[in-house]
S.K.: 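My structure is below; once you've seen it, I'll send some questions.
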Amino acid sequence: MLYPTIGVPLMGNGILRRCEQYQYTRCLRNAGASVQLLALHAFPSAVDAALAQCDGFLFPGGPDIGPELYGQAPLPSCKEPDSARDDFELLLLRAALEAHKPLFCIGRGMQLLNVIFGGTLMQDIRLKQDYQHSDLLHRTTATHPIDIDPNSLLAYLLDTDTLSVNSLHHQAVDEVGEGLWVPADSPEGFAEALELDDYPFCLAVQWHPEAMARRTPTQQQLFRAFVNACR
Ligand SMILES: [Mn+2]
């Protein structure tokens, strides 16, 4: 398939969300994909239609996930969730996993993957961090280093075991969901990526390659590999 179709949930209608959404679309199109933005219809027939139309799915960044979805009460430092996104994305990601569709989960998307596999999140890491992980002023440039397991898909795709990445998160994976593993972490030990073995293609990263790709072409390799897996 020359032009695979990648489904991406709609991130919202504000101008900032639209700009962010466009960064994902641009990276996917540059890698040769056609992008289908998916309205947040949290019912089975909509999810079935998305599965029928799309060859793979990208789960993008966004607001904090409702803590009740991983069995916790919200702390004051947890920001307002978007229940329309939570509801739709949970249904879609579960169905996509069952259908063995290639997956690329970024930021919130990585946290969602962890929650679906029964993992939990730290609701706020700002008091535990040595580096600035919610560096909203430097969206496109690297903020902190990560260590990558040389035996991971991530190391294979990037051809390195260290990398400097941007960082736009104030939450992090706490307990890792069963079946997932952590192929990359920050100096403090926060999970910066998740992988799922014995699956066609499932890559999840806590940083934002879509915001770095224009200035740091290495990051575009992740989109190329994902789109190739959807072909
Ligand atoms: Mn980080």
Side-chain angles (χ1 to χ4, degrees), residues 11 16-17 19-21 23-24 27 58-65 67 70 72 75 77-79 81 85 89 103-117 119-150 152-155 157-177 180-196 202-223 225-226:
M11 297 171 65
L16 179 64
R17 291 290 181 213
C19 289
E20 288 173 5
Q21 184 110 46
Q23 292 185 318
Y24 296 96
C27 289
L58 186 151
F59 287 84
D64 292 351
I65 294 166
Y70 48 93
Q72 293 181 10
L75 301 177
S77 52
C78 185
K79 296 175 188 166
R85 276 192 67 182
E89 291 181 357
L103 298 170
F104 192 9
C105 302
I106 297 178
R108 164 193 164 88
M110 171 172 132
Q111 296 175 358
L112 194 76
L113 182 75
N114 190 49
V115 167
I116 276 196
F117 279 87
T120 62
L121 305 178
M122 299 181 214
Q123 291 187 37
D124 193 66
I125 61 170
R126 282 173 289 190
L127 295 176
K128 303 173 186 166
Q129 64 190 15
D130 300 323
Y131 288 84
Q132 173 59 276
H133 284 267
S134 46
D135 192 355
L136 304 178
L137 290 176
H138 302 97
R139 301 183 70 88
T140 63
T141 51
T143 298
H144 68 74
I146 60 172
D147 265 329
I148 306 176
D149 187 313
S152 60
L153 171 66
L154 191 60
L157 298 179
L158 295 169
D159 197 23
T160 182
D161 59 5
T162 57
L163 192 68
S164 287
V165 297
N166 61 355
S167 201
L168 304 169
H169 60 113
H170 82 105
Q171 298 194 327
V173 165
D174 192 355
E175 287 168 51
V176 179
L180 297 167
W181 68 285
V182 178
D185 62 4
S186 73
E188 305 95 326
F190 299 134
E192 288 282 339
L194 292 175
E195 287 182 18
L196 181 60
C202 180
L203 182 63
V205 298
Q206 183 60 74
W207 75 93
H208 286 272
E210 82 286 355
M212 294 185 78
R214 200 202 291 261
R215 296 169 78 164
T216 314
T218 317
Q219 299 284 344
Q220 179 64 20
Q221 284 167 221
L222 301 178
F223 292 93
F226 170 55

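What you see below is based on every heavy atom in this structure, not just the backbone, and it leaves out hydrogens, waters and symmetry mates. Read the numbers this way: they start at 1 and go in the same order the structure lists the ligands and their atoms.
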S.K.: Just by distance, no angles: are the side chains of Gln123 and Asp64 close enough, under 3.5 Å, to form a donor-acceptor pair?
M.R.: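 Per modelled atom types, Gln123 and Asp64 side chains form no pair under 3.5 Å.
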
S.K.: Please determine whether the number of non-hydrogen atoms from other residues, nucleotides or ligands lying under 6.0 Å from atom CG of Asp130 exceeds 12.
M.R.: yes

S.K.: Just jot down the ring pair (Phe, Tyr, Trp, His ring centres under 6.0 Å) partners of Phe59, sequence neighbours excluded, or say none.
M.R.: none

S.K.: Are Tyr24 and Phe223 close enough that their ring centers fall under 6.0 Å?
M.R.: no

S.K.: Which of the protein's N, O or S atoms come within less than 2.8 Å of the Mn ion (ligand 1), not counting waters?
M.R.: His133 ND1, His144 NE2, Ser167 OG, His169 NE2, Glu192 OE2

S.K.: Just jot down the ring pair (Phe, Tyr, Trp, His ring centres under 6.0 Å) partners of His144, sequence neighbours excluded, or say none.
M.R.: His133

S.K.: What residues, two or more places apart in sequence or in another chain, satisfy salt bridge (Lys or Arg N to Asp or Glu O under 4.0 Å) together with Arg85?
M.R.: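 Checked Arg85 against salt bridge (Lys or Arg N to Asp or Glu O under 4.0 Å); matches are Glu89.
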
